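Notes follow once the structure below has been shown.
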Amino acid sequence: MKFQQQTLLLMGPPNVGKSAIFNHLTGMNVSVANYIGTTVEFTEGTMAMPGGRTALVDVPGTYTLAATNDAEKVAVDMLESGPAGVICVIDAVNFESSLYLLLQVLEYQLPTMVVVNRWDLAQQKGYELDFGGLEKELGIPLVPSIAVAGQGIPEIIETAARMVSSARTPSKPVLDDEERWAKVESMARDYRRQKADMKSTRREQLGVMMVKPWPGLPLALLVLTVVFAFVVGVGMGLRQYLLLPAFRGVMIPLIETAVEAVIPPGMVQRILIGEYGFLIKGIEWPFTLVLPYVASFYFVLSFLEDSGYLPRMAVLVDGLMNRIGLQGPSIIPLLLGYGCGIPGILATRALSSRKERIMVSVLICTAVPCISQTGAFISLLAAHSIGALLGVFFVSILAMAAAGLIMDRFLRGSIPLTIMEVPELLMPRADVLSKKVLMRLRSYIHNGALPMIAAVGLASVLYESGLMAAWGRAISPVVTGWLNLPEEAAVPLALGILRRELTVLPLIDMDVTTLQLFTGALVALFYVPCIAMVGTISREYGLKLGVGILVGTTVLALFIGGLASQTGLILGF
Amino acid sequence: MQKLNDLRVGQYAQVLETPSHRILQPLGLREGKSVRLHAKSPLGGPLILEVDGRLLAVARRAASDIVVNGRCTREVPAADLALNGASQCR
Ligand SMILES: Nc1nc2c(ncn2[C@@H]2O[C@H](COP(=O)(O)OP(=O)(O)O)[C@@H](O)[C@H]2O)c(=O)[nH]1
């Protein structure tokens, strides 16, 4: 590959704050792409400098340039594609390993500058850095920064502009691996000093506690409980006191009056504001039943992500996950899947083996409900029976373990050894957090709510035209006979293919028993993931797996749903 | 020879030999470094280590390839290591 236009590379080890710097340096039009022939993603944007614009590529973070894995190969390939220069970010805290990466980058003899980030954390730990000395020794420009606070950003831009225009290349250090480490360690001794008698901070002690089995495991249970309670509690509060009054009290009567004033009673009016009227249900469902839980879930998830807690949880469950052929870090895509399956499936790209990627993706498709669906479960079940709600999640976890064991048996490949850094525990910053949550909410409205409105619109046409009733009669043996649901529950089964939560939401307006609700929720849980997820799976792993999931989940959902319903009836629920 | 996974929880040690590996060296598990074993994760999960103020999780099977000297009762100060090399612990 060759870069088409003037391009700067932003490089550095994982967790150094590269994305934070990238976001400060680039403007709005940022694109994420897959590097040709790999699952490695990289981000590209435009950076405005004095003297013109330049493309800036956020190179995947790597510890070395040994090209022993895909991310490293991509990094090396980019260095060899003729960039105008490199901005190499090093970590003031994990100083030695990032200097090592820098020395490797310098061997490519490109115009290079250094950014020493996380300077605030290094100070907290009592480190003093001699920036001037280090700059002189390296022979390239150096800028200290605190990316989360925006400190050092203008200096980075200015220095980058000078670097590009002078196009001066550093002299090439020729070192073998051992010499490189020796040089790194001597530089660390010469230019970084730790004040004597620094005690570890409370934050650091807490960070260690949370990853030890005791008290880490009970803490993890506590965290999960708090998360669940927060998502349900805050979601319900938002719905009850904010969204329901706003929509039922104001928006919907307004819409009804407006439609009645313009459109005469009849089929068209019923399509708009009748039973499945898409101006009514199409607005009420996505915004009052689902949105509150989307908001509360993404708030907690983003908080956990930014605090560095998730890798700790990954380490705690690593041993357990190994039993089903997975590594601890695969809980991160699974957790994301509880938000939306698509980011979950895409996040499996960071996992280390193909077997693991496929397993986690299949688990997300079958047994992990997305937040839209969970919101629907809560709306549907919580009022009737909290037990039934917990029951659904219990069955989901049971199914995940079973599916994991089965797939581990049949898919080839061994588990790679877990060797990972546990990043520092940090208090997320309110501004960064709120930006992230807002971005995710916007994405829900775009990719979740709008398709939901469209799907309800389609349903409303099918319903009013009588096609839905015909479909209902056709599959009524399954629906009424096997699942013991009312005949009109055939409608949501058809809708569920478009959007996961639509398998459940219509049941809310039907007159059904708790057992029927539970059955409906179970069917929904295992039923076809929405069409967009099947598309993502087919794109990532080929059409065969996509179709397999489509058929497999339908059969599984009807089987488990019926089983629960029949058992429930026998037990006299 | 004493291996990293022979250490007791809470014990300090000095790394004597690490197999060449993609990320073991960059994460700080290099000859001469002082390491502390914080915990062993449940169900055969990874060891929790601290090297140079950095927390690591290292699978037990990988740790069994790392040779250490566990006769250090406390952290070996970096300055001493620099002066006296690997013969620090007594
Ligand atoms: N205290 C502090 N935190 C930072 C700094 N730069 C980044 N972070 C945080 O470190 C974490 C990792 O940053 P990110 O940009 O995602 O790292 P990347 O993996 O290099 O892209 C995030 O939680 C950031 O908010 C910094 O200079 N100081």
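Throughout, protein chains are lettered first and strands after them, A, B, ... in sequence-line order, and every chain is numbered starting at 1. Remember, predicted model here, so these are calculated numbers, not experimental data.
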Region of [X] in contact with chain B, defined by heavy-atom distances below 4.5 Å:
X: A:Q194; answer: neither
X: A:W214; answer: neither
X: A:R193; answer: neither

Mind checking the [atom1]-[atom2] spacing from [X] to [Y]? Nearest 0.5 Å is all I need.
X: A:R180; Y: B:Q25; atom1: CZ; atom2: CD; answer: 12.0 Å
X: A:I415; Y: B:R61; atom1: CD1; atom2: CZ; answer: 8.0 Å
X: A:L417; Y: B:H21; atom1: CG; atom2: NE2; answer: 7.0 Å

Between [Y] and [X], is there a side-chain heavy-atom distance shorter than 4.5 Å?
X: A:M420; Y: B:L27; value: no
X: B:R22; Y: A:N69; value: yes
X: A:E204; Y: B:L55; value: no

Best-contacting candidate, B:P46, B:A63, B:S41, against chain A by heavy atom pairs under 4.5 angstrom: B:P46
I need the residue from B:L49, B:L29, B:L43 with the largest number of non-hydrogen atom pairs under 4.5 Å to chain A. B:L43
Heavy-atom pair count under 4.5 Å with chain B, highest-scoring of A:A188, A:P213, A:A66: A:P213
Give, as side chain, backbone, both or neither, the part of B:L47 having an atom under 4.5 angstrom from any heavy atom of chain A. neither
Can you tell which part of B:I23 gets under 4.5 Å to a heavy atom of chain A, answering side chain, backbone, both or neither? side chain
Of the non-hydrogen atoms in B:P42 and A:L217, which two are nearest, and what is the gap between them? CG-CD1, 3.7 Å
Compare every heavy atom of A:Y63 with every heavy atom of B:R54, then report the nearest pair and how far apart it is. NH2-CE2, 3.7 Å
Atom CD of B:Q2 with >12 non-hydrogen neighbours under 6.0 angstrom: yes
Just wondering, are more than 12 heavy atoms of other shown residues or ligands nearer than 6.0 Å to CD in A:Q205? yes
Residues B:R30, A:E185: salt bridge by 4.0 Å N-O rule: yes
Which residues in residues 92-103 of chain A have any heavy atom lying under 4.5 Å from a heavy atom of chain B? A:N94, A:E96, A:S97
Identified side chain to side chain contact (heavy atoms under 4.5 Å, CB included) partner of B:H38 from the options A:V208, A:V211, A:V422: A:V208
